[in-house]
Amino acid sequence: MTQIFIAIASILAGLAVAAGAFASHALKDKLTERAIEIFETAARYQMYHALALLLVALLLTRVATPPPFLTAAGFAFIAGIAIFSGSLYALSLSGIKWLGAITPIGGAAFMIGWGCLAVAAFNLKY
């Protein structure tokens, strides 16, 4: 799981950088200021949680038997990025307003991930 989480975290972080650059350069004249803001929020949260996923992967390397909540945190961060950031990217590019209704599901996945990480911290044995 460690290698998978590190690979996914690296890819998602790189894509967050690319998305931010894309918004700043290619989309600046094509989208409204609000749509750019939404796009940048998606990229920012993607980066934060790609780094959180990297933390999970690094913690996995430190324990002989990983607590199930640690792995759950990693999967929750991946789901959160896909749903939260994905819905915001789609909303900003398409203007389809109902996509904003999906975003809180991704936010909930982020919170679940952080909660799982907190629970796992109490079960880590080095």
Side-chain angles (χ1 to χ4, degrees):
M1 207 78 272
T2 302
Q3 290 173 312
I4 292 169
F5 281 169
I6 291 172
I8 292 171
S10 300
I11 291 165
L12 290 171
L15 288 172
V17 172
F22 184 64
S24 293
H25 301 291
L27 297 178
K28 195 108 180 151
D29 298 329
K30 293 180 176 45
L31 297 179
T32 66
E33 190 174 312
R34 180 67 182 134
I36 293 287
E37 253 178 52
I38 291 168
F39 197 94
E40 288 173 345
T41 297
R44 187 172 48 256
Y45 274 77
Q46 180 174 334
M47 179 59 81
Y48 294 158
H49 290 89
L51 293 173
L53 179 59
L54 188 59
L55 171 66
V56 168
L58 294 176
L59 287 171
L60 284 170
T61 68
R62 309 256 322 165
V63 294
T65 306
F69 278 100
L70 190 55
T71 304
F75 284 117
F77 291 143
I78 293 168
I81 291 170
I83 299 166
F84 183 90
S85 294
S87 66
L88 289 181
Y89 289 135
L91 170 63
S92 66
L93 293 172
S94 70
I96 300 171
K97 301 288 186 213
W98 65 263
L99 289 167
I102 297 169
T103 307
I105 298 168
F110 286 151
M111 290 186 284
I112 289 167
W114 288 110
C116 286
L117 187 55
V119 171
F122 289 106
N123 296 308
L124 289 176
K125 292 177 183 34
Y126 298 103

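- Side chains of S85 and R44 form no contact here, defined as non-hydrogen atoms less than 4.5 Å apart.
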Show your working on side chain to side chain contact (heavy atoms under 4.5 Å, CB included) between S92 and R34 and close with a plain yes or no.
CA-CA 8 Å; S92 66; R34 180 67 182 134; over 6 Å; no
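- Residues F77 and L53 share a closest heavy-atom pair of CD1-N, 4.1 Å.
- W114 and I112 are members of different hydrophobic clusters when ILVMFWY side chains are connected at heavy-atom separations under 4.5 Å.
- Ring centroid separation for the pair F84 and Y48 does not come in under the 6.0 Å cut-off.
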Please walk me through it: do L93 and F39 pass side chain to side chain contact (heavy atoms under 4.5 Å, CB included)?
CA-CA 8 Å; L93 293 172; F39 197 94; 4.1 Å; yes
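- In this structure, I81 CD1 and I8 CD1 are separated by 9.5 Å, a value rounded to the nearest 0.5 Å.
- Contact record, A13 with A50: N-CB, 3.7 Å, taken as the closest heavy-atom pair.
- Hydrophobic clustering places L117 together with M1 (ILVMFWY residues linked when any side-chain heavy atoms are closer than 4.5 Å, directly or through intermediates).
- With rounding to the nearest 0.5 Å, the separation of OG in S87 from CD1 in I96 is 12.0 Å.
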Might you work through the side-chain hydrogen bond (donor to acceptor under 3.5 Å, both in side chains) test for T61 and T2, ending with a clear yes or no?
CA-CA 7 Å; T61 68; T2 302; over 6 Å; no
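- Taking every heavy atom of both residues into account, V63 and P66 meet most closely at CG2-CA, 3.6 Å.
- Atom-to-atom distance recorded for L88:CG and T41:OG1 is 7.0 Å, nearest 0.5 angstrom.
- Between A19 and A43, the shortest heavy-atom distance links the atoms CB-CB, 4.2 Å.
- Taken to the nearest 0.5 Å, the CD1 atom of I83 stands 6.5 Å off from the CD1 atom of I105.
- Between A120 and P67, the closest heavy-atom pair is O-CG, 4.0 Å.
- Hydrophobic clustering keeps M47 apart from F22 (ILVMFWY residues linked when any side-chain heavy atoms are closer than 4.5 Å, directly or through intermediates).
- Placement of M111 and I78 in two distinct hydrophobic clusters is found when ILVMFWY residues are connected by side-chain heavy-atom separations under 4.5 Å, directly or transitively.
- The environment of CZ in F69 is sparse: at most 12 heavy-atom neighbours from other residues, nucleotides or ligands sit within 6.0 Å.
- The hydrophobic cluster containing I4 also contains V56, counting ILVMFWY residues as joined when their side-chain heavy atoms lie under 4.5 angstrom apart, directly or transitively.
- Taking CG of L70 as the start and CG of L55 as the end, the distance is 8.0 Å to the nearest 0.5 Å.
- With a 6.0 Å radius and a threshold of 12 heavy atoms from other residues, nucleotides or ligands, Y89 has its OH atom above the threshold.
- Expressed to the nearest 0.5 Å, how far CG of L60 lies from CZ of R62 amounts to 12.0 Å.
- The shortest heavy-atom contact between A73 and G113 is CB-O, 3.4 Å.
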